[in-house]
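Notes to accompany the following structure.
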Amino acid sequence: MTVSWVSSEVDDQIRGHLVPFGSCRLAREFEQRGVDHLVIKYVDSRWAGRYATPSALKISDSPLQTWGTATYVTPIIYPLSTALYGRIGLVAPFDPSDWTVFDATGPVGRTLYQRWARSQPTFDQLVLTVHSTLANQELRNSFRIEYGIDCVLFPPDQEAHLHTDTTRHTWMAVSDWITHPALKEPTGESESRGLDTGFSRRLGHARFTVLVDEDFDLSADSLPVSIAPRLIEPFTNPFVRAGQARGQGIMSARRSRRLPADIADAYHHGSYVHLYLEP
Amino acid sequence: MTSLLSIASGFLEQLASPRVSRAEHDAASERLALLLTDERVRARFETEVTSLSEPDELSAESWYWVLGYVAANRLELNPDLLSQLCLRWPSTSLVVRAINARIQSAEGDDSSVDSVVTWLAAVVGQLRVNPAEQEDRVTSDDAVGQPDTFDPGEPTSREFHSQQAEIVFWALLAVGHPAALVTARTMLLDSEQFNASLQDAWSERLELLDPATREAWLRTVGLQR
């Protein structure tokens, strides 16, 4: 649909900022690192079983997402960047050969989006009402639909302490499209495109590939956290440095008759026992 | 509410509520999506969704998600129900989804454009404040090929809510479909029939725009100066 609320100048600038994936900064980083086109998404442990065999990632349709309805992933070149979202890392291949990318990692992309958003009829809803969450989602979706954006690159807006480098890392919001016949009159267009909300076809073969031995708190005082502190490592490190940490594979621990005594000994020496899943 | 939708409503509450965390949203979304991967369950769910008839059957959060699902899957909701949803919600985003659901359920059907225009006219007709001064001002068919006569619907001043007229107006603009734009233009040209402050709100918004953007707005709405 060719309805535009922005000036032709801003429209041209936005279109000029869209690039094929092969021309974007991220493509060069993949090339320099010499790694395949893979992404990673960390999820709650409850999903480990579903992704034991390759399955499609769920498209996030929560109004709380940074760039609207999309599948949120991280390039594999930043493998731990989103570890705050879960202990289970799902890895999926992607084929970006026909992707149009909007790079919002720098000031140009961010400014262009804001200029576009300010020109929209619902901008007042965003800044002057209690309905800003929904207004934000609608605006972000509309922007991506209007310009046919397959992938938005954006900087981390939450940070896992020591795992996320907000100055260097890039996160991705990937669009899955649904196409329908359009009203033939009056638009004159033969089809209309919207954002899908089910399971991603573009990221359809995600598999449980990484298990992280750390947890993070995602909220602080009921608000989304900016920098998520590590919940375990800061307290295990002193014992590790002092050579007091004790580790034991969980399978052998289950059979061990000495485990109660080992735990009691750790307690009495102010240490701890790490029961881990054997690789 | 029917049984499957009743079960799903627990997920739906979480899907669109700004009161739960992003992780909870995603978990609820994935659970519901998995439920709907079963074709029989999905068919039953969609049957139940399309048989909804009362706004009170779901919360606003649930409607927000359901309307997105309806539009994405080209399901058809009762137009009277969609009309009621447009007239009661104080959120432009929700009204946008209700209008889009009506438009998109009609897509692919050549004969349905007029029905969308007529439906929109009936919706905004219910927001008219002064039936005695009704005037059929908009007859332009350049944008949408709407019927020659513009039926404003039965005015119901008792139900009139001036703020709602403004919300529907901005929602029509945000939808951006020519049928919605011509209806918005109708409201603007007939603004004294809807909400005396509608023209002021429009003018103030235009004044805040830079000249080039203002021109784009006027061109889009069909009001070039």
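Naming: A, B, ... by sequence-line order, numbering from 1 per chain.
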> Which pairs, with at least one residue in residues 40-57 of chain A and sequence neighbours excluded, count as a salt bridge (Lys or Arg N to Asp or Glu O under 4.0 Å)?
Replying inline: A:Asp44-A:Arg46, A:Arg50-B:Glu30
> Taking only heavy atoms into account, what residues of residues 114-121 of chain A are found under 4.5 Å from chain B?
Replying inline: A:Arg118, A:Ser119, A:Gln120, A:Pro121
> What residues form a salt bridge (charged side-chain N to carboxylate O under 4.0 Å, His left out) with B:Arg42, not counting sequence neighbours?
Replying inline: B:Glu46
> Under 3.5 Å, side chain of B:Ser83 to main-chain N/O of B:Pro79, donor-acceptor pair present?
Replying inline: no
> Given that the side chain runs from C-beta out, which part of A:Tyr85 has a heavy atom under 4.5 Å from chain B: side chain, backbone, both or neither?
Replying inline: side chain
>> The criterion is salt bridge (charged side-chain N to carboxylate O under 4.0 Å, His left out); which residues satisfy it with B:Arg97, sequence neighbours excluded?
In response: A:Glu138
>> Just checking B:Trp89 against B:Tyr64, ring centres under 6.0 Å apart?
In response: no
>> Counting heavy-atom pairs under 4.5 Å with chain A, which one of B:Ala71, B:Gly68, B:Ala216 comes out on top?
In response: B:Ala216
>> Please verify the inter-ring angle class for B:Tyr69 with B:Phe45; under 30° counts as parallel, over 60° as perpendicular, anything in between as tilted.
In response: perpendicular
> Aromatic rings B:Trp217 and A:Trp5: how do their planes relate, parallel, tilted or perpendicular, breaks at 30° and 60°?
Replying inline: perpendicular
> Given B:Ile167, which of B:Val95, B:Leu94, B:Leu87 fulfils the side-chain contact (heavy atoms from CB on, under 4.5 Å) condition?
Replying inline: B:Val95
> In terms of heavy-atom pairs under 4.5 Å, which option from A:Ile59, A:Asp124, A:Asp11, A:Val10 contacts chain B the most?
Replying inline: A:Asp124
> Of the backbone (N, CA, C, O) and the side chain (C-beta and beyond), which part of B:Leu181 lies under 4.5 Å from a heavy atom of chain A, both, or neither?
Replying inline: side chain
> With a 4.5 angstrom heavy-atom cut-off, which part of A:Ser55 approaches chain B: side chain, backbone, both or neither?
Replying inline: neither
>> With heavy-atom distances below 4.5 Å as the criterion, would you say the side chains of B:Val124 and B:Thr186 are in contact?
In response: no
> In terms of heavy-atom pairs under 4.5 Å with chain A, which of B:Pro90, B:Ala171, B:Pro211 leads?
Replying inline: B:Pro90
> B:Thr220 versus chain A, heavy atoms under 4.5 Å apart: side chain, backbone, both or neither?
Replying inline: side chain
